[in-house]
Amino acid sequence: MELDELAVGVIAKELAKAIPAYLEKANMSIAIIDTGTISEVLGNQIYKVKVEGTVYTVPSAVSDTYSVKQKVLVMQPLNNRRKKYIIGRAV
């Protein structure tokens, strides 16, 4: 019985290490969509967009044009903050 308990303990410790690492990888592989507000139009389909209190320079992935104070949807692929882009108007 001691050997069984020892084995269960070892497995539990390894799972405790593996699960957070797996979840972190899973979160890195998803796209996040936020609502932002256009704060400045820079031209050439590039905008300054305020998302969750921070202003980002963001290109538009669609041919729509936007104006200051307009709400837009901003996608962040693979949880990469540096690769945000506008995917459309927010409703």
Side-chain angles (χ1 to χ4, degrees):
M1 192 79 165
E2 278 183 30
L3 201 51
D4 290 346
E5 290 174 4
L6 181 62
V8 168
V10 169
I11 291 170
K13 283 181 186 177
E14 291 303 313
L15 283 173
K17 287 190 263 181
I19 289 173
Y22 175 78
L23 290 176
E24 184 177 325
K25 269 188 176 179
N27 286 336
M28 292 297 288
S29 66
I30 62 171
I32 297 170
I33 299 175
D34 288 314
T35 300
T37 304
I38 301 290
S39 60
E40 187 178 343
V41 178
L42 301 175
N44 295 324
Q45 297 290 339
I46 300 173
Y47 301 86
K48 294 269 186 179
V49 182
K50 187 174 186 177
V51 179
E52 296 180 357
T54 303
V55 177
Y56 299 93
T57 301
V58 182
S60 178
V62 294
S63 61
D64 292 345
T65 56
Y66 308 101
S67 56
V68 174
K69 296 185 181 177
Q70 191 167 23
K71 301 278 187 198
V72 292
L73 296 174
V74 178
M75 179 178 239
Q76 179 178 298
L78 304 176
N79 204 16
N80 186 338
R81 291 179 188 258
R82 291 177 286 167
K83 295 197 177 197
K84 290 181 181 290
Y85 53 91
I86 297 169
I87 59 171
R89 287 183 169 83
V91 180

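Because the structure is a prediction, the values reported are computed rather than measured. Both backbone and side-chain heavy atoms feed into the values below; hydrogens, waters and symmetry mates do not. The first residue of the sequence shown is numbered 1, and numbering continues consecutively from there.
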Colleague: Quick check: do Ile33 and Gln76 have side-chain heavy atoms less than 4.5 Å from each other?
Modeller: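 With C-beta onward as the side chain, the pair stays apart.
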Colleague: Any idea which heavy atoms bring Asp64 and Tyr66 closest together, and the distance?
Modeller: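 In terms of heavy atoms, the two residues are closest at CB-OH, 3.5 Å.
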Colleague: Going from NZ on Lys50 to NZ on Lys69, what distance comes out if it is rounded to the nearest 0.5 angstrom?
Modeller: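 Interatomic distance, Lys50 NZ to Lys69 NZ, rounded to 0.5 Å: 12.0 Å.
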Colleague: Return the minimal non-hydrogen interatomic distance between Gln45 and Ser63, and the atom names on each side.
Modeller: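 Taking every non-hydrogen atom into account, NE2-O, 3.6 Å.
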Colleague: Linking I/L/V/M/F/W/Y whenever any side-chain heavy atoms sit under 4.5 Å apart, do Ile87 and Ile46 land together?
Modeller: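 No, Ile87 does not connect to Ile46 through the hydrophobic network.
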Colleague: I need the minimum non-hydrogen distance between Thr65 and Arg89, along with the two atoms involved.
Modeller: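 Nearest pair, atom of Thr65 first, then Arg89: O-NH2, 2.9 Å.
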Colleague: Please say yes or no: joined through hydrophobic side-chain contacts below 4.5 Å, possibly via intermediate residues, are Val51 and Val62 part of one cluster?
Modeller: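 Val51 clusters together with Val62.
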Colleague: Measure across Val55 and Ser39 and return the closest heavy-atom pair with its distance rounded to 0.1 Å.
Modeller: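 Nearest heavy atoms, Val55 then Ser39: CG1-OG, 3.9 Å.
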Colleague: Supply the atom-to-atom distance Met75 CE to Ile32 CD1, rounded to the nearest 0.5 angstrom.
Modeller: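 Result: 10.0 Å between the selected atoms.
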Colleague: Where is the tightest heavy-atom contact between Val58 and Ile86, given as atom of each residue plus distance?
Modeller: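 Between these two residues, the closest heavy atoms are CG1-N, 3.5 Å.
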Colleague: Set out, in order, the CA-CA distance, both residues' side-chain angles and the distance that settles side-chain contact (heavy atoms from CB on, under 4.5 Å) for Leu73 and Thr35, then state yes or no.
Modeller: CA-CA 5 Å; Leu73 296 174; Thr35 300; 3.9 Å; yes
